[in-house]
Amino acid sequence: MKIKGQVLTNSKDQFYSLLQTIEGIAWEAEADTLRFTFVSNHVKQILGFSPQDWLKQPHFWEDHIHPDDREKVLNYYSKRPQRAQSRSFEYRMVKADGSVVWIKDVFSIISEAGAPTLLRGLMLDTTMSRRLSDLEHLEQTVLELNSKNGVPFREVLSCYLTGVEALFPKMLCSILHVRNSRLYNWSSPSLPKPYVEAIENLPISAQGGSCGTAAFLKQKVIVTDIENDPRWANYKHLALIFNLRACWSHPVINSDGEVMATLGMYYHEPRIPDEDELKVIERVTALFKIILENTQKSEIINESNLLMAQSEELAHFGNWRWDVQNNLVTWSDTLYAIYDLNKNDFKATFEARQELLHPADRQRVYDIITGVLRTKEKVEFEERIIRPSGEIRYLKSWGMLKSDANGMPVAMIGACLDVTDSRKTKEALKATASRLKALVDAETNYVIRVNLDGKYTYCNKKYRQDFDWILYDKNLADTDASITIQPYHHDLVKEITRNCVENPDRVFQVDVDKIQKDGSTKPTRWQFIGLTNSKGETFEIQCIGQDITDLKNAENELRISNERYEYVNKVSNDAIFSWDIVTGNVKWGDGFFRLFGFDVNEDYTFEKWKLQVHPSDINKTEASLLGSIADHTQSNWTGEYRFRRADGMYANVEGNGYIIRDETGRGIRMIGLLRDITERLNYLKAIENQNEQLREIAWMQSHGVRAPLAKIMGLIDLIKNYPNNDIEKSQLLGYLLTSANELDDVVRTISKKTEHIELKASAKQFL
């Protein structure tokens, strides 16, 4: 009897030892009181408490459920069906250090005589997968918010930081703008307002707290104890007043290596970041980099467009685009002003524009334009237009053709310069020298004349104002006009002069860099014309110019903006694309090669993309994509599908695109990215497989263990409470040993199954 009892005790000890090996908190509690009678040692790793801490306090479990979840959790566990069944519930618990962890509790109800007696379960830490899911949802929300017009930039930042703080409840986030080596608050939704005001405009330095030091060194700075860290020596009094005890900062560096901002994370106690926090911080910083760079690029492009529009207006220089296939003509605002037309009343087409030409010029211009469609060569020509008032204007025009990959005309682009005033000026100059001088001296443009030797014969007031620093003590008749020109443009001016001599009365336009007093360059644009004598021979060159510094700066800003976009393409982990919906042509960024192995320089079309979508996904994906484009209220599209790489294998991808529409609402272009999410999906699938195995183990614990255990308990009751002779006792002990062996077999089976639980996902099984 004693030996058999020892065997039973040993079997029970083996069972509880097995529970200690499970990667989760195995537990047992009374069904009616929810008082815990067993908690496995793994509670120390997950929650930071010992089993003894848990068991010695009657309401320990209830007290450590997150306050926001406590009521619904207790209500859920109080429901006790009459028959045994497995159940699960997910909620938050507060760890020993005060942080929060997500728990998935899988448990069974053990009943005897039809009444619930025990609850047995397994608590699993699902914080990582829950946080990953919440972070991805937050990122999608932030990107969608950032893509909307009219949403303040600070609102986007605040939304992101507030979401990150929800993932780490004790974390207080802040993002500071770095400008002129100083820090300025962009968004700090949870930091005390007096503290935010106190650190405004602080300089960055090697001892500038966490954020100032991170911006200065261009690397992340982890300060676990503000009070005792030397980098906070000058500023700790500002933080400690508000009980800010730790601060980690990560610089947000753009593609040019410049620090745009710093992302700061504060805590109310000294703290070292764990691996999960560091990964999330790096991911948040990377997305902030994209958002900030895109915002900067948009501002630069908007400013450049504004400067270009202003420059066109000042120069009476308009541009146009003719969609050859659809016969749609798009004009700039300045071109409408040149024609003196209202853009809301006039519908621009090729035929409509022809009607605005002077009758004597229509056939000539028609032949020039249609000739471009045949030759595909650039053209330059002059034309006259008639305004609605009957006024005739003289234009100098340029045009060039754009074709698709098959050589078919797609669009013609060009520009028109209103040269009416210069023609009138020319006629006025020929009519009377006095009127010329009065006119040009009043001009805001430069006007000069030089003889065939390149010496000045005249310059207007504006020209003297800007270049008198070099001309004031010189006799103009003896001064070479090239004195104000940068040396590298001397040969260009000589060539234009020769052209004027050989082609009198013809206007030649050229950009020339002039010398400023400080040695820098002033870009100017000139129109040269050879003036003739009574014999028709050129005797003098007249030059009318203007300062185009703003125009050149705008062009340079646009070039820099384009270069930055190309750099983003090269370093992005995603495949950025631009899809011309009208032609079907698709242009890919460098990420298309890195992710999928395709040559980004090869011609690519929408139809080719369809061939690479998995056959089972193409109908649903294409319907979703085309449906979003057809819906005029939609500006974004997103979808998940399988995409065949260059090696023939399929990757799970997520596509996101922004739809650009014309004035009629028709989708004409989509800009977006393709992201490989194969690893993420594989990881989630692996978690699901693991959970399935754990549920199987839990079922075996609640059913497989109970049968032999019930036999053992019944045999012990017979031996203990009923009289038996020696033969009966021997038989009962034999049965007891058999039942103990059955229990041992079940325990071994459970042990083997737990040994084979691995969180590994095979990529092949998902393709």
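All values reported here derive from a predicted model rather than from experimental measurement. For the numbers below, each heavy atom of this structure counts, side chains included, while hydrogens, waters and symmetry mates do not.
Residues Glu383 and Ser397 have side chains that bring a donor and an acceptor to within less than 3.5 angstrom of each other. Gln612 and Tyr604 form a side-chain donor-acceptor contact under 3.5 Å, judged by distance and modelled atom types alone. Side chains of Thr638 and Asn656: a donor on one and an acceptor on the other come within 3.5 Å. Judged by distance alone, the side chains of Tyr446 and Asp466 do bring a donor and an acceptor atom under 3.5 Å apart. Side chains of Asn327 and Glu351: a donor-acceptor N/O pair is present below 3.5 angstrom, by distance only.
Looking only at side-chain heavy atoms (C-beta outward), Lys610 and Glu622 come within less than 4.5 Å of each other. Considering only heavy atoms from C-beta on, Gln527 stays 4.5 Å or farther from Cys543 through its side chain. For the pair His358/Ile392, a side-chain contact is recorded, criterion being any heavy-atom separation below 4.5 Å from C-beta on. The shortest side-chain heavy-atom distance between Leu395 and Asp418 falls under the 4.5 Å cut-off. Taking 4.5 Å as the limit, every side-chain heavy atom of Met670 sits out of range of all side-chain heavy atoms of Ile660. Residues Asn585 and Thr605 have side chains in contact (heavy-atom distance under 4.5 Å, counting atoms from C-beta outward). Considering only heavy atoms from C-beta on, Leu452 comes within 4.5 Å of Thr538 through its side chain. Side-chain contact between Ile659 and Arg661: present, with at least one pair of heavy atoms (C-beta onward) separated by less than 4.5 Å.
Exactly one residue among Thr457, Asn533, Thr532 makes a side chain to side chain donor-acceptor pair (under 3.5 Å) with Glu540. That residue is Thr457.
Nearest approach of Ile541 to Thr497, heavy atoms of both residues: CG1-CG2, 4.2 Å. Between Asp603 and Lys608, the closest heavy-atom pair is O-NZ, 3.8 Å.
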Throw together a table of side-chain donor-acceptor distances under 3.5 angstrom for residues 479-490, partners on residues two or more places apart or in other chains.
from, atom 1, to, atom 2, distance (Å)
Thr479, OG1, Asn475, O, 2.7
Asp480, OD1, Ser482, N, 3.0
Asp480, OD1, Ser482, OG, 3.0
Thr484, OG1, Tyr463, OH, 3.1
Thr484, OG1, Ala481, O, 3.4
Thr484, OG1, Lys514, NZ, 2.5
Gln486, NE2, Thr521, OG1, 2.9
Tyr488, OH, Asp513, OD2, 2.8
His489, ND1, Asp513, N, 3.0
His490, NE2, Ser482, O, 3.2
His490, NE2, Ile485, O, 3.1

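Checked for salt-bridge contact, Asp367 and Arg364 miss the test: no charged N lies under 4.0 Å from a carboxylate O. Classification of Glu380 and Lys396 as a salt-bridged pair holds, one side-chain N sitting under 4.0 Å from a carboxylate O. Ion pairing between Glu391 and Arg393 holds under the 4.0 Å rule for side-chain N and carboxylate O. The pair Asp478-Lys474 fails the salt-bridge criterion, with no side-chain N (NZ, NE, NH1 or NH2) lying under 4.0 Å from an Asp/Glu carboxylate O. Ion pair Lys343/Glu663 not flagged as a salt bridge, since none of the NZ, NE, NH1 or NH2 atoms sits closer than 4.0 Å to an Asp/Glu carboxylate oxygen.
Around NZ of Lys587, the count of heavy atoms belonging to other residues, nucleotides or ligands within 6.0 Å does not exceed 12. For Lys376, the NZ atom is densely surrounded, since the number of other residues' heavy atoms within 6.0 Å is greater than 12. Counting non-hydrogen atoms of neighbouring residues, nucleotides and ligands closer than 6.0 angstrom, the CG atom of Asn180 reaches no more than 12 such neighbours.
Relative orientation of the Phe643 and Phe598 rings is perpendicular, given thresholds of 30° and 60° on the angle between their planes. Ring-plane geometry between Phe350 and Tyr366 is classed as tilted, the angle between the planes lying from 30 to 60 degrees on a 0 to 90 degree scale.
The main-chain N or O of Asn499 is found under 3.5 Å from a side-chain atom of Asn503 such that the two form a donor-acceptor pair. No side-chain donor-acceptor contact under 3.5 Å links Asp580 to the backbone of Gly584. Although no hydrogens or angles enter the test, the distance criterion places a donor-acceptor pair under 3.5 Å between the side chain of Asp547 and the main chain of Thr549.
Residues meeting the ring-ring contact (aromatic ring centres under 6.0 Å, His included) test with Phe606, sequence neighbours left out: Trp579, Trp609.
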Determine, stepwise, if the pair Trp331 / Phe346 fulfils ring pair (Phe, Tyr, Trp, His ring centres under 6.0 Å). CA-CA 11 Å; Trp331 285 2; Phe346 177 74; 5.4 Å; yes
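In this structure, Arg179 satisfies the cation-pi test against Tyr184, with its NZ or CZ atom closer than 6.0 Å to the six-membered ring centre and inside 45 degrees of the ring normal.
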